[in-house]
Undergrad: 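Below is one structure. I have some questions about it.
No experiment lies behind these values; they were computed from the predicted model shown. Proteins get letters first, then strands, A, B, ... in listed order; numbering begins at 1 in each.
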Amino acid sequence: MDYTKTLNLLKTDFPMRAKLPEREPEILDWWQQINIYQQVRESRRGAPTWILHDGPPYANGNIHLGQALNKILKDITIKYKTMRGYDCPYVPGWDTQGLPTEQAVQTEYGIDRHEVPVLEWRSKCQELALKYVEIQREQFQRLGVRGDWHNPYLTLDKDYQARQIEAFGKIALQGLVYRSLRPVYWCYHCETALAEDEIEYVTRTSDAIYVAFELRDADQCFDQLPQGARAHVVIWTTTPWTIPGNTGIAVGEHYEYALVKAKDDYYLMAQELLSESMQQIGLSDYEVVATRPGKDLVGLAVQHPLYDRISPLVLADHVTLEQGTGAVHTAPGHGLEDYQVSLECDLDIISPLDDCGRFTDEAGPELAGLVCDEANEKVLELLEACGALLARTTIEHEYPHCWRCHLPVIYRATLQWFMDIDQLRDQALTEIAETTWIPAWGESRIAGMVESRPDWCISRQRSWGVPIPVFYCTDCGEALLTEETVAHVRDLVAEHGADVWFAREAAELIPPGTTCPECGADSFIKEPDIMSVWVDSGCSHYCVMRPHPELSYPADLYLEGDDQYQCWFQTSLWVAAGLGDPAPYKTVVGHGFFVDDGGQKLSKSKGNIIDPAEIYNKYGADVLRLWFTYADFRQKMHHSEDILQQVAEAYRRIRNTARFLLANLRDFDPATDGLAPDQMREIDRWALLRLNRVIKRMTEAFDRWDLHLFYHDVHGFCANDLSAFYLNVLKDTLYTDLPDSPARRSAQTALWQLLLALTKMIAPVLTFTADEIWEHCRETDLSLPVSAQLADWPRVDERFDDEELRVRWERLMQMRTQVSAALEQAKEDGEIDQPLTAAITIYAPEDEQQLLASFGDDLRMIFVVSAAQARPLAEGMSELQVEVAQARGEKCERCWLYDEGIGTSPEHPTLCPRCVQRINQWPENQQ
RNA sequence: GGGCAAUUAGCUCAGUUGGCUAGAGCGCGCCCCUGAUAAGGGCGAGGUCCCUGGUUCGACUCCAGGAUUGCCCA
């Protein structure tokens, strides 16, 4: 007879194989159908809100792995917080304006911005940005990210732009914004100023030259100098093309400078760098005539080698003796430190370059029209011709490059708009101290950056962005910016979008009747520059969080890649400070970046870019999501195929555990079959005690953003506590006991709790799989909400927190390890085939022996053997010993345990008495 | 050159206030099961806890210096 029909074998249509790439899109469709975002929001109506403000990714391509990580971490957090009882509106956003889009229009559409009208150019930019918003929206949703995808915020929205103009006006009217001629990083390929965060340093080889500047009145300082002798200050520079911009030479106050004679000429430079420099110049035969400290040299007049003008000797703190001659070529139009010196020492600021980096006529006829970097040769030629070029070598050094076109940038003095950071710094630092930073060292990191950050250059010489709403009087040139003009522009932009600024003349953009407060004239021109894209996103709290009916200020959380300490975390703070607001965030979480298995950063140029679509199309988004909780996201994240394989394997384990639970609950109705804790068997209470522990740890981990503990704890629980032990032990009860027996119902009561809690706990991470499991859970309990996302986070059930039980089982588990080892040994020695054929005797010290004995008949079940008994230590034994023998009797055909009573029933000659009894009582309808 | 951080088995991580033979999962090797089966179970081999000093009865844990790596800045 086939006894399999008299067993409660597994039964479920929950598939073992996930086929996530096929299954996930179906679940997505279903979420859309039931409008999961709205349902979740409604289920939390009236609950306290918890707001994560989305940092807008830049819409100029497919999403990359870092963006996938970012959005998934946000999603995990929001889903967790929702389950914890909060109402969590999530409004995703996109950064849509700025240089990257303009460049993409050029490359993708092949349009030259100089050849089309500005409005057409802007419309192309908008078209492209919106295209990528669509693409990214699809891709983010595919990752399982839940949010208000139908109503995202875009920085190009009219309302956004209008609020941004309003914010600028408020900040500017408080005197926190100024316009100044100042050297800024300038990319002459992109024809725009670049902010510090748009610079990348690349090693390159440059010229390094020594140049002689003739001293006009050296004899004032050095009476050793013979009448009519020529003396030169020697400078060293790696950018020959900046020589035309030289307006001074800086020396260090306390350094000793030596006047040396070589051949018939005299040279002046720092004593300490003398031998090195003279060697480079090729004048090894020289003598020191005199020395003077730097401070004595101040005010000496030096003749510029190329032009008829004087470059005075000045003091500067930044002069060092690390390189060069200790006499520093100073071109205030081409360097920030030089610029600062020029302010202190009243040097001229000369920057004879146009937007494209070409020398203007100011540089003289030989240089006019040449592009600066390429003009090096010509400058060298000119210096050579006048005998000023002493030596020419090369040097390898880090040089700033444009982050977009990767070409070298220059410093160029231009009129730019700045936010006055000095006025806001203290407030910003106070706010930083008030904010919670995760990880904690993020605080010292951003504080350090904020302390030393120079004024923020916020203007860009481009057109795809929000205009700087300033006018200039055509008569006196004075800038015009009043509450009225700002409000007027703001209203026009709110109605027509920022295009209106570019479509209309100044007269049509100012309130009628406006006159210049300085000279009374009524004719104006408009500011040509737009705001940096970092202003756009930095204003998001003012443009989105403030006015949005569902959001509020400040946000509970900002969560971005840790490059944002220098960018969005900061720009948002500066804007808030400028507006007189507290920080826009209460907590800020920074996450690391991906590196490949060799530890190299993922980048296009290295060709090691990973497309998240490839991963979710191959493994599924849930595996991708699980991966992001596999490693500590606050550090760099490694990517390799090996790691993905591991994660996929772990996914299968979790999935199969859930499947096993489901498959044993088909005949269980929690309402009628569930048992109270005091009616449950000890092992089942132990399982729920262990579940409590996982819930506790998971909750703490999520609260502390120790997300990687999720993977390790949940997976460890499934693998160790459940698969390897509890579920394995339970099989005998679940399969062979009477369906309605107390033991089986006790087990099922625990299994049901395990299944529910586990499914809820994985819901924020394995968001697709959780709902797939949940659907099957609802077959057991229809009163459950339709999605796990609508469930409450599991709670610790204190009825199972039994310390005595915990200790008791901990000791048992230790002994179990020894039993397993003994069984393995017996198997190797050929004494038994497998554990089920074994009978074990455990000789244990008294305490242990009593503990084991207290389990009675359950002991053999716990060790998954046919028979087990505990005895006191025998003579000569000092510690626990396990004796393994072949179990007596035959193998029962039904329960597979060995028993001596087999054959005693004529009706069922192959069954043990226990099974015979059960068969006889087996419910009719299940036979 | 400066700031912030990291460094525990092949991989990803644990390791409370310094204290028994440093743990887990995966991977690997060997074996068992075939009533979780493109599943499940057992055992095993893998570690100078980056290095060097110091404090201490005792340091993976604390201190100093160094190395390497990553990010940011110059």
Undergrad: Checking all strands, does A:Asn664 fall into the base, sugar-phosphate, or nothing category for heavy-atom contacts under 4.0 angstrom?
TA: nothing
Undergrad: Report which part of the nucleic acid A:Ala724 touches: base, sugar-phosphate, or nothing (heavy-atom distance under 4.0 Å, all strands).
TA: sugar-phosphate
Undergrad: When only distance counts, do a donor and an acceptor, one from the side chain of A:Thr657 and one from the base of B:rA36, lie under 3.5 Å apart?
TA: no
Undergrad: Any base atoms under 4.0 Å from A:Ser444, or only sugar-phosphate, or nothing? Heavy atoms, all strands.
TA: sugar-phosphate
Undergrad: Between B:rC31, B:rC11, B:rU37, which nucleotide has the shortest distance from any of its atoms to the side chain of A:Met16?
TA: B:rU37
Undergrad: Can you figure out which of B:rC4, B:rC13, B:rA74 approaches the side chain of A:Tyr185 most closely?
TA: B:rA74
Undergrad: Toward the 5' end of RNA chain B, which comes first, A:Thr817 or A:Gly448, by nearest nucleotide?
TA: A:Gly448
Undergrad: Which listed nucleotide (B:rG25, B:rC71, B:rA36) is nearest to the side chain of A:Asn720?
TA: B:rG25
Undergrad: Name the nucleic acid region contacted by A:Ser820, choosing base, sugar-phosphate or nothing; use a 4.0 angstrom heavy-atom cut-off, strictly under.
TA: sugar-phosphate
Undergrad: Which string of ( ) [ ] | and . matches RNA chain B, if you list each base 5' to 3' and count Watson-Crick or G-U pairs only when both distances are under 3.5 Å?
TA: (((((((..((((.....[...)))).(((((.......))))).....(((((..]....)))))))))))).
Undergrad: Which nucleotide sits closest to the side chain of A:Asp632: B:rG35, B:rC32, B:rC13?
TA: B:rC13
Undergrad: Among B:rG41, B:rC13, B:rU34, find the nucleotide with the atom closest to the side chain of A:Trp896.
TA: B:rU34
Undergrad: Ignoring backbone atoms, test whether A:Arg655 places a side-chain nitrogen or oxygen under 4.0 Å from the OP1 or OP2 oxygen of B:rA38.
TA: no
Undergrad: Students often get this wrong, so: under 4.0 angstrom with heavy atoms, is A:Ala631 touching a base, only sugar-phosphate, or nothing?
TA: sugar-phosphate
Undergrad: May I ask you to say what A:His712 touches in the nucleic acid, namely base, sugar-phosphate or nothing, with a heavy-atom cut-off under 4.0 Å?
TA: base
Undergrad: Would you say a side-chain N or O of A:Tyr711 is under 4.0 Å from OP1 or OP2 of B:rA24?
TA: no
Undergrad: For the side chain of A:Asn728, starting at C-beta, report the closest nucleotide among B:rG41, B:rA6, B:rU12.
TA: B:rG41
Undergrad: B:rG25, B:rA38, B:rG41: which one has an atom nearest the side-chain heavy atoms of A:Arg17?
TA: B:rA38
Undergrad: Give one of base, sugar-phosphate or nothing for A:Glu893, where a contact means two heavy atoms less than 4.0 Å apart.
TA: base
Undergrad: Using 30° and 60° as the class boundaries, would you call the ring planes of A:Trp752 and A:Phe668 parallel, tilted or perpendicular?
TA: tilted
Undergrad: B:rA36 base to A:Lys731 side chain: any donor-acceptor pair below 3.5 Å?
TA: yes
Undergrad: Is A:Gln646 touching bases, backbone alone, or none of the nucleic acid, heavy atoms closer than 4.0 Å?
TA: base
Undergrad: Which listed nucleotide (B:rC26, B:rU69, B:rC13) is nearest to the side chain of A:Arg653?
TA: B:rC26
Undergrad: NA contact type, A:Asp563, heavy-atom cut-off 4.0 Å: base, sugar-phosphate, or nothing?
TA: nothing
Undergrad: 5'-most contact on RNA chain B: A:Thr736 or A:Asp833, nearest heavy atom basis?
TA: A:Asp833
